[in-house]
Enquirer: 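Structure incoming, see below.
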Amino acid sequence: MQRRDLLTQLVAGCTLSLAGCAHIPSSRAKPRVVVVGGGYGGATAAKYLRLFSNAAIDVTLVEPNPRFVSSPLSNRVIAAEMSLADLTVDYDRLHARHGVTLVRDRVSAIDAGGKFVVLAGGARLRYDKLVLSPGIEPMIEPIEGLAAAHQSGQIVFAWSGGAETLALQRQLAAMRDGGVFVITVPESPYRCPPAPYERASLVAAYLQAHKPRSKLLVLDANQDVTAMAPLFKRAWRDLYGDLIEYRNHYSVVGVDGADLRLRFDVQEDVHADVINVLPPLRAAGLAVDAGLANVNGRWCEVDFLNFESRVAKDVHVLGDSIQAGPMMPKSGFMANAHAKVAASAIVAELRGDAPNPQPMLANTCYAFVSASQAMHAASVYHFVTDQGRFEPIAGTGGASAAWTELEARYALSWARNIWADMLG
Ligand SMILES: Cc1cc2nc3c(=O)[nH]c(=O)nc-3n(C[C@H](O)[C@H](O)[C@H](O)COP(=O)(O)OP(=O)(O)OC[C@H]3O[C@@H](n4cnc5c(N)ncnc54)[C@H](O)[C@@H]3O)c2cc1C
């Protein structure tokens, strides 16, 4: 279907040409989509809903933060290789170039029956379609002492970009030479499989340069490194020798923030100078509170053809909040791809058409292993109709043969490209 025809039908449900329809509606007659969360999924969805509909849908993006701050590359901020400003992009162009209405607030409740959301500021926003990409929240309660240690700032997660990234950078910079820095990794699935190991690599690079008598312990609840395992292990051995020690099957059950001590289900306590706990994760609070996290109370099950929630009609959930298919990582690249499939399907539905029956997704995760070297793993997924889900296409994708400086330049370009795709 031509875009001008699409616009015509979206705006007025008529069959006239674009020119013929132009006089009919006020903007109030346009379908309304509210997008919650201006991260990798939400910002992309807001922009592409406007692009795919040729601006025939009113799109409102609700996001509490004044600017987008990326989690990808934030491990380089912890290791003092980049600044937070380098990872920050304005939302302005979504409005100026694409006509997205920006609301700086937080959604506090969803009324899926009444088809409106309630903002923390008290206002209600009505929608025809709701898109949620609110990301993740840590599950703090199962780890004894973590709530208090986190609240006091003794133990930070630094898993959603921003202020905690800088707090962890300060803890690393203040650590004594000869100290022990611990990173704990939760059981999979969690946000960005390679990210804890990238963090370990970059912290090790920092320690090697600035505090070479120190030690980095990676205490992993999983059986093995969950992404690019042979590459990471080879990089740690070749680049850092004994500085990094990796231990598997370490599940944190308690922490003491004042004494900087970790307790595990089986092993002896570990004492450290800096502790970076990555707690288990679940879908963000808004999705959980709205009853959308129907998989173990943690993740939101969706229809992968349009990303509509399995439990709430006209509510579409994207990004890290969803229960993903096999081998589908929780990544910014994936959230960006989910958003385009969802935006295309929503536009089709609003004009009365069926969504694309054969959507595809792709993902590339870059990981730095030192200040100047990176590597990647890539994958391509197709929709398998009889399974109703995405699966990786055998024989596609793969990982780098080794880490290189060229890949480090590609990793930085990847970030600039995806930010431009979402927000440019
Ligand atoms: C250290 C680290 C490194 C990473 N590296 C990579 C990488 O190299 N490549 C990659 O692809 N991915 C990477 N990721 C993963 C990536 O950051 C996430 O997968 C991605 O951000 C998920 O997008 P999202 O839209 O689901 O959530 P987010 O990008 O987290 O966006 C969620 C947004 O929703 C907003 N929000 C939440 N609740 C509400 C509410 N109630 N009302 C309004 N707004 C709300 C938040 O403020 C936030 O802006 C990394 C992550 C980390 C932590």
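Just so you know, ligand 1 is whichever comes first in the structure, and atom 1 is the first atom listed for that ligand.
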Enquirer: Nearest to atom 25 (O) of ligand 1 by heavy atom, Ser133, Ala415, Gly319: which?
Expert: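 Among Ser133, Ala415, Gly319, the closest heavy atom to atom 25 (O) of ligand 1 belongs to Ser133.
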Enquirer: Does at least one non-hydrogen atom of Phe68 fall below 4.0 angstrom from an atom of ligand 1?
Expert: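 Checking ligand 1 against Phe68, which is what was asked, there is no heavy-atom contact under 4.0 Å.
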Enquirer: For atom 26 (O) of ligand 1, state which one of Val35, Thr165, Asp320 supplies the nearest heavy atom.
Expert: Asp320
Enquirer: Kindly determine whether Tyr40 and Phe68 satisfy ring-ring contact (aromatic ring centres under 6.0 Å, His included), including the steps that lead there.
Expert: CA-CA 9 Å; Tyr40 276 87; Phe68 167 81; 5.3 Å; yes
Enquirer: What atoms in ligand 1 come closer than 4.0 Å to a heavy atom of Leu286?
Expert: 41 (N)
Enquirer: Verify the distance criterion only: is there a donor paired with an acceptor across the side chains of Asn222 and Ser188 at less than 3.5 Å?
Expert: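 No donor-acceptor contact under 3.5 Å links the two side chains.
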Enquirer: Is the ring pair Tyr366/Trp414 parallel, tilted or perpendicular, if the boundaries are 30 and 60 degrees?
Expert: tilted
Enquirer: Among Lys330, Arg106, His338, whose heavy atom sits nearest atom 39 (C) of ligand 1?
Expert: Arg106
Enquirer: If you measure from atom 44 (N) of ligand 1 to every heavy atom of Pro134, Ala335, Pro64, which option wins on shortest distance?
Expert: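 Considering heavy atoms of Pro134, Ala335, Pro64, the nearest to atom 44 (N) of ligand 1 sits in Pro64.
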Enquirer: For atom 34 (O) of ligand 1, what's the nearest protein heavy atom and its distance?
Expert: Gly37 CA, 3.2 Å
Enquirer: Consider every N or O of Val107 and every N or O of ligand 1, then say whether any pair is closer than 3.5 Å.
Expert: yes
Enquirer: Does any N/O atom on Ala158 come nearer than 3.5 Å to any N/O atom on ligand 1?
Expert: no
Enquirer: For Asn65, counting its heavy atoms only, list the atoms of ligand 1 lying under 4.0 Å from any of them.
Expert: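 The list of qualifying atoms is 47 (O).
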Enquirer: So is there a nitrogen or oxygen of Trp159 less than 3.5 Å from a nitrogen or oxygen in ligand 1?
Expert: no
Enquirer: Could you identify the single nearest non-hydrogen protein atom to atom 8 (O) of ligand 1 and state the distance to 0.1 Å?
Expert: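 For atom 8 (O) of ligand 1, the nearest protein heavy atom comes out as Tyr366 O, 3.6 Å.
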Enquirer: Okay, side chain of Asp58, backbone of Pro31: is any donor-acceptor separation there less than 3.5 Å?
Expert: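 Checking the backbone N and O of Pro31 against the side chain of Asp58, no donor-acceptor pair under 3.5 Å is found.
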Enquirer: What I want to check is whether the side chains of Thr364 and His376 have a donor and an acceptor closer together than 3.5 Å.
Expert: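 No pair is found: no donor N or O on one side chain lies under 3.5 Å from an acceptor on the other.
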Enquirer: If you apply the rule ring-ring contact (aromatic ring centres under 6.0 Å, His included), what do you find for Phe157 with His150, and how did you get there?
Expert: CA-CA 8 Å; Phe157 312 145; His150 183 245; 3.9 Å; yes
Enquirer: Once you restrict to heavy atoms under 4.0 Å, what part of Ala195 touches ligand 1? Side chain, backbone, both or neither.
Expert: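 The part of Ala195 near ligand 1 is the side chain, not the backbone.
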Enquirer: Out of Ser74, Cys192, Gly161, who gets a non-hydrogen atom closest to atom 50 (C) of ligand 1?
Expert: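 It is Cys192 that holds the nearest heavy atom.
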Enquirer: Quick check on Met334 - does any of its heavy atoms sit under 4.0 Å from an atom of ligand 1?
Expert: no
Enquirer: Regarding Ser370 and Gln373, is there a side-chain donor-to-acceptor distance under 3.5 Å anywhere?
Expert: yes
Enquirer: Would you mind checking which non-hydrogen protein atom is closest to atom 46 (C) of ligand 1, with the distance to 0.1 Å?
Expert: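 For this ligand atom, the closest protein heavy atom is Glu63 OE1, 3.5 Å.
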Enquirer: Distance to 0.1 Å, residue and atom name: give those for the protein heavy atom nearest to atom 52 (C) of ligand 1.
Expert: Ser71 CB, 3.7 Å
Enquirer: Between Ser251 and Glu187, do the side chains contain an N or O donor and an N or O acceptor separated by less than 3.5 Å?
Expert: no
Enquirer: Judged by modelled atom types alone, do Arg310 and Asn294 share a side-chain donor-acceptor pair under 3.5 Å?
Expert: no
Enquirer: Between Arg50 (side chain only) and Ile57 (backbone N and O only), is there a donor and an acceptor less than 3.5 Å apart?
Expert: yes
Enquirer: Would you mind checking which non-hydrogen protein atom is closest to atom 31 (O) of ligand 1, with the distance to 0.1 Å?
Expert: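 Nearest neighbour among protein heavy atoms for atom 31 (O) of ligand 1, to 0.1 Å: Gly39 CA, 3.3 Å.
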Enquirer: So is there a nitrogen or oxygen of Asn75 less than 3.5 Å from a nitrogen or oxygen in ligand 1?
Expert: no
Enquirer: Can you confirm whether Leu350 sits close enough to Val33 that some side-chain heavy atom of one is under 4.5 Å from a side-chain heavy atom of the other?
Expert: yes
Enquirer: Would you check if Ser74 and Leu87 make a side-chain contact, meaning some heavy-atom pair closer than 4.5 Å?
Expert: yes
Enquirer: If you take the nearest heavy atom of each of Ala367, Pro72, Gly285, Pro196, which one is closest to atom 13 (C) of ligand 1?
Expert: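 Of the listed residues, Pro72 has the closest heavy atom.
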Enquirer: Looking only at distances, please establish whether an N/O atom of ligand 1 is found under 3.5 Å from an N/O atom of Leu73.
Expert: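 By distance alone, the answer is no.
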Enquirer: Any N or O of Arg191 that comes nearer than 3.5 Å to an N or O of ligand 1?
Expert: yes
Enquirer: Side chain to side chain donor-acceptor pair (under 3.5 Å) between Asp220 and Tyr246: does it pass, once the steps are laid out?
Expert: CA-CA 8 Å; Asp220 196 334; Tyr246 175 81; 2.8 Å; yes
Enquirer: Closest non-hydrogen protein atom to atom 9 (N) of ligand 1, residue and atom name please, with distance?
Expert: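 Heavy-atom neighbour on the protein nearest atom 9 (N) of ligand 1: Trp414 CH2, 3.4 Å.
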Enquirer: Using a strict cut-off of 4.0 Å, indicate which atoms of ligand 1 neighbour a heavy atom of Arg199.
Expert: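 Taking each heavy atom of Arg199 in turn, ligand 1 has 1 (C) under 4.0 Å.
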Enquirer: Check whether the side chains of Tyr381 and Ser379 place a donor and an acceptor atom closer than 3.5 Å, and report yes or no.
Expert: yes
Enquirer: Which of these passes side-chain hydrogen bond (donor to acceptor under 3.5 Å, both in side chains) with His316: Lys129, Glu349, His338?
Expert: Lys129
Enquirer: If the cut-off is 4.0 Å to any non-hydrogen atom of Val62, which atoms of ligand 1 fall inside it?
Expert: 43 (C), 44 (N)
Enquirer: Just to confirm my output: which protein heavy-atom neighbour is closest to atom 10 (C) of ligand 1, and how far is it?
Expert: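 It is Gly332 N, 3.3 Å.
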Enquirer: Starting from atom 21 (O) of ligand 1, what is the nearest protein heavy atom, named by residue and atom, and what distance separates them?
Expert: Tyr40 CD1, 3.4 Å
Enquirer: Quick check: are there more than 12 heavy atoms from other residues, nucleotides or ligands sitting under 6.0 Å from CD of Gln223?
Expert: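 No, the 6.0 Å shell around CD holds no more than 12 heavy atoms from other groups.
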